[in-house]
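A short write-up of the structure that comes next.
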Amino acid sequence: MFQNQPVSFSGVQPSGNLTIGNYLGAIRNFSHFSENYKCFYCVVDEHAITVRQVPAELRRRTYETLALYMACGLDPEKNTLYVQSQVPAHAELGWILNCFTMFGELSRMTQFKDKSAKHADNINAGLFTYPVLMAADILLYQTDVVPVGIDQKQHVEICRDIATRFNQLYPDTFTIPEPVIPKSGMKIMSLAEPTKKMSKSDENTNAVVYILDDRDTIIRKFKRAVTDSGTEVRYAEGKDGINNLMTIYASFTGKTFEEIEREFEGKGYGDFKLAVGEVCADALAPVQDTFKRYISDKAMLEAQMKKGAQEASYYANRTLSKVQKKLGFVQVRG
Ligand code: TRP
């Protein structure tokens, strides 16, 4: 579809609370993707309503997510950034794919099982068919690769199963996408429980550093980070807290673990924690400044959304009408 350029598609929940884990493990590297791929980044507000949302907050977070992605270096001239509900083809293909997805295979999705346990009072059909809408997102763009966290791998697999099934009935409809899971080396752990991944939904906000945390908060959180009873800044098995801080420091500075060990020789954990907080705050400061500028310019953000939705619709509608034609829907022109 794009003159031999492979397509990358990723969806992001409209939550402004992105963490340094999201930043270091994913977003920071997204801008390089556009050198080799035609990239789509979609703010998935339709997925968000599978759990109850406060409308004003959903609206605010939709703007914030777009502004934050742009502030992290995603150039809207090189990438297609848009909002899912502004491209109706997602919901339309989602419905069609529902008819090619089995009840049994959706019942096996671990995220559905987890979320229905967590929201026992609202196990709605949208929560159940969430992966089908996600499959529509991906398949509309004839996507080759889907960069996602490991927790979303099962959803990309069901997307492949749906696409393969559809292609067997109606050949050459969809490209079969591959998940691309970031290397675990970049996994950033919780500051409170360093054996657990840093998660934006962690109830203990001291365990998580958000991209938009101010300098004092960042430094305070790193000062309180859980470490072991040792004193030496050294990467070693069992020193999960220190290993995590070293990973963070290495990611922000580009230094190797050996260089870090040398730098902090003879110094204690306190000095090291402060240094990690400082490099993190320094690195995020320009992102935060840019974010503030973007978020206060609603007209610019809306113009970007409109441009993104137009671009995305062009490609999405091509796939949608191909599907409709294959199914036997009557198409009238003009
Ligand atoms: N389910 C994904 C998540 O929670 C978000 C998402 C929606 C997505 N549609 C997508 C990710 C398509 C990749 C491709 O993180």
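Whatever order the structure lists ligands and atoms in, that order sets their numbers, starting from 1.
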Going by an N to O cut-off under 4.0 Å, is there a salt bridge joining [X] and [Y]?
X      : Y      : value
Lys307 : Glu311 : yes
Glu64  : Arg60  : yes
Lys153 : Glu157 : yes

Counting only heavy atoms not in Arg52, do more than 12 sit closer than 6.0 Å to its CZ atom? no
Could an N or O of ligand 1 be found under 3.5 Å from any N or O of [X], whether backbone or side chain?
X      : result
Gln152 : yes
His155 : no
Asp137 : yes

Residue of the set Tyr269, Tyr235, Tyr249 for which ring-ring contact (aromatic ring centres under 6.0 Å, His included) holds with Phe264: Tyr249
Taking only distance into account, with no hydrogens and no angle test, what donor-acceptor pairs under 3.5 Å do side-chain atoms of residues 91-105 form with protein atoms, sequence neighbours excluded?
from   : atom 1 : to     : atom 2 : distance (Å)
Asn98  : ND2    : Gly94  : O      : 3.4
Thr101 : OG1    : Leu97  : O      : 2.7
Glu105 : OE1    : Arg165 : NH2    : 3.3
Glu105 : OE2    : Met102 : N      : 3.0
Glu105 : OE2    : Arg165 : NH1    : 2.6
Glu105 : OE2    : Arg165 : NH2    : 3.2

The answer for which part of Ile138 has a heavy atom under 4.0 Å from ligand 1 is side chain
Proximal atoms of ligand 1 relative to [X] (non-hydrogen, under 4.0 Å):
X      : value
Val148 : 11 (C), 13 (C)
Gln13  : 4 (O)
Val146 : 13 (C), 14 (C)

